[in-house]
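I have placed the structure first, in the form of structure tokens, so that the comments after it can refer back to it.
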Amino acid sequence: MSTLPQHPSEGTKRERPSAAVARAARALAAAGVEAARAEAELLAAYLLGVPRGRLALADGFTPEQLDRFDALVARRADREPLQHLTGSAAFRHLELAVGPGVFVPRPETELLAGWGVEQGRRWPAPLVVDLCSGSGAIALSVAQELPAARVVAVEGSPAALSWLRRNAASRAAAGDRPVGVVAADVTAPDLLADLAGRVDVLLCNPPYVPAGAVVPPEVDRHDPADAVFGGADGLAVIRPVIARAAVLLRPGGVLGVEHDDTHGTAVPGLLAADGRYEAIADHPDLAGRPRFATASRRADGQHAGPGPAWQTASS
């Protein structure tokens with residue numbers, strides 16, 4: 001049965017989408033969902049099978065559809081992720097299948113993926129590696145936008161791997177260049193040994209939230225903890241990734257790694273301290289918060305001594 005009061009359009013057995021969305025938006029806002037109206041519209045569009053922009057032109061909800069809509073709204077009000085309810089997450093130009101067991105890709109990570117795409121254009125046929133690939137958001141975006149690239153996605157979680165393989169197969173069927181999927185721990189000292197010194201672009205969105213940090217209910221209850229939390233200081237995975245990336249990258253190859261907004265100096269500092277990187281910079285997200293660090297593998301392939309560390313980038 002519906003959990004929200006119903007007001008069918010006069011003379012019909014269908015309820016106008018606008019009325020149902022308005023009630024749903026109030027329920028979601030009361031539950032603390034930030035973009036309540038937008039999410040109510042997305043749920044309605046999903047259920048009615050129309051683009052959100054054409055929702056006003058859609059037929060109204062049948063009683064059965066309205067019951068289903070109310071049930072979805074109730075689950076979202078209980079802070080189940082919107083993407084789990086619809087089964088997909090938008091990322092750059094893709095729609096990715098997501099659900100329990102895999103981290104839901106965030107809009108801010110699109111900036112790191114876009115940076116990786118732009119960097120990849122420096123080579124005619126770049127080799128791109130995506131560590132902590134999860135749903136495959138970064139890897140599959142690069143493969144779509146750089147058709148000449150060879151892309152390798154690495155993920156260690158069996159649950160996340162199933163989503164990654166599903167999305168990779170879907171994009172290959174759609175005509176994108178197939179992405180290589182590797183099941184591995186990104187902190188392993190021999191990770192991708194066969195690619196040592198050959199990688200042009202290495203990207204990583206690792207678990208980086210410091211243990212004990214307060215996170216939204218959607219993250220706390222539904223995102224896999226091993227994809228969110230990165231040890232006491234949030235850097236437990238980033239440290240070995242920086243070290244291994246220096247081995248995998250060719251001289252002049254580039255690294256981009258997402259980090260917590262409290263790591264705007266820590267991660268560039270780790271890159272500088274490693275000694276094998278140059279052109280170190282940190283980049284903000286759309287809200288102006290520190291979000292990802294980038295660097296180039298020293299062109300001479302050697303270690304450098306202490307020197308100018310890094311700078312803040314504008315994008």
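Remember, it's a predicted structure, so these values are computed and weren't measured experimentally. What's counted below: heavy atoms across the whole structure, side chains too, no hydrogens, waters or symmetry copies. When a residue number appears, it is its place in the shown sequence, counting from 1.
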Can you tell me how far [atom2] of [Y] sits from [atom1] of [X], rounded to the nearest 0.5 angstrom?
X      : Y      : atom1 : atom2 : result
Glu64  : Phe69  : CD    : CZ    : 15.5 Å
Leu82  : Glu39  : CG    : CD    : 4.5 Å
Leu85  : Tyr46  : CG    : OH    : 8.0 Å
Arg92  : Ile138 : CZ    : CD1   : 10.0 Å
Leu127 : Leu249 : CG    : CG    : 9.5 Å
Leu43  : Arg76  : CG    : CZ    : 8.0 Å

Salt-bridged, Asp233 to Arg239, with N to O below 4.0 Å?
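The answer is yes: the pair qualifies as a salt bridge.
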From CA spacing to verdict: side chain to side chain donor-acceptor pair (under 3.5 Å), His93, Ser141:
CA-CA 7 Å; His93 308 295; Ser141 289; over 6 Å; no
Quick one about Ser88 and Gln83 (side-chain donor to acceptor, distance below 3.5 Å, no hydrogens or angles considered), yes or no?
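Absent: no donor and acceptor within the cut-off.
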Taking all atoms of both residues into account, what is the closest heavy-atom pair of [X] and [Y], and its distance?
X      : Y      : result
Leu192 : Arg244 : C-NH2, 4.1 Å
Trp123 : Val201 : CZ3-CG2, 3.8 Å
Leu286 : Leu111 : N-CD1, 3.9 Å
Phe61  : Ala20  : CE1-CB, 3.6 Å
Ser135 : Asn167 : O-ND2, 3.0 Å
Arg250 : Arg198 : NH2-O, 3.1 Å

Side-chain heavy atoms of Asp130 within contact of Val142, under 4.5 Å:
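Sidechains of Val142 and Asp130: no contact.
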Does any part of the side chain of Leu203, heavy atoms only, come nearer than 4.5 Å to the side chain of Val129, both counted from C-beta?
no
Show the numbers, then the answer: is there a salt bridge (Lys or Arg N to Asp or Glu O under 4.0 Å) between Asp200 and Arg150?
CA-CA 10 Å; Asp200 299 301; Arg150 175 192 172 194; over 6 Å; no
Judged by atom type as modelled, is there a donor-acceptor pair below 3.5 Å linking the side chain of [X] to the main-chain atoms of [Y]?
X      : Y      : value
Arg16  : Asp59  : no
Trp163 : Pro100 : yes
Glu155 : Gly134 : yes
Arg297 : Ala246 : yes

May I ask you to check whether over 12 heavy atoms, not counting those of Arg106, lie within 6.0 Å of atom CZ?
yes
Test log, rule side-chain contact (heavy atoms from CB on, under 4.5 Å), inputs Arg221 and Glu218:
CA-CA 6 Å; Arg221 301 176 196 165; Glu218 291 86 348; over 6 Å; no
Any chance the rings of His259 and Tyr208 have centres within less than 6.0 Å?
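No, they do not, as the ring centres are separated by 6.0 Å or more.
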Decide yes or no on side-chain contact (heavy atoms from CB on, under 4.5 Å) for Val237 and Thr187, but give the supporting numbers first.
CA-CA 7 Å; Val237 176; Thr187 68; 4.3 Å; yes
Using side-chain contact (heavy atoms from CB on, under 4.5 Å), reason through Val152 and Val179 one step at a time and then give a plain yes or no.
CA-CA 6 Å; Val152 177; Val179 166; over 6 Å; no
Given the rule that I, L, V, M, F, W and Y join up when any side-chain heavy atoms are under 4.5 Å apart, are Val247 and Val128 in one cluster?
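In one cluster: no.
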If two hydrophobic side chains count as joined below 4.5 Å and joins carry through other members, does Leu140 share a cluster with Val151?
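Yes, Leu140 and Val151 fall within the same hydrophobic cluster.
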Would you sort out whether Arg121 and Leu146 count as a side-chain contact (heavy atoms from CB on, under 4.5 Å), showing the intermediate values?
CA-CA 8 Å; Arg121 298 190 198 283; Leu146 292 179; 3.6 Å; yes
Only one of Asp260, Asp282, Asp285 passes salt bridge (Lys or Arg N to Asp or Glu O under 4.0 Å) with Arg291; say which it is.
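Only match with Arg291 under salt bridge (Lys or Arg N to Asp or Glu O under 4.0 Å): Asp285.
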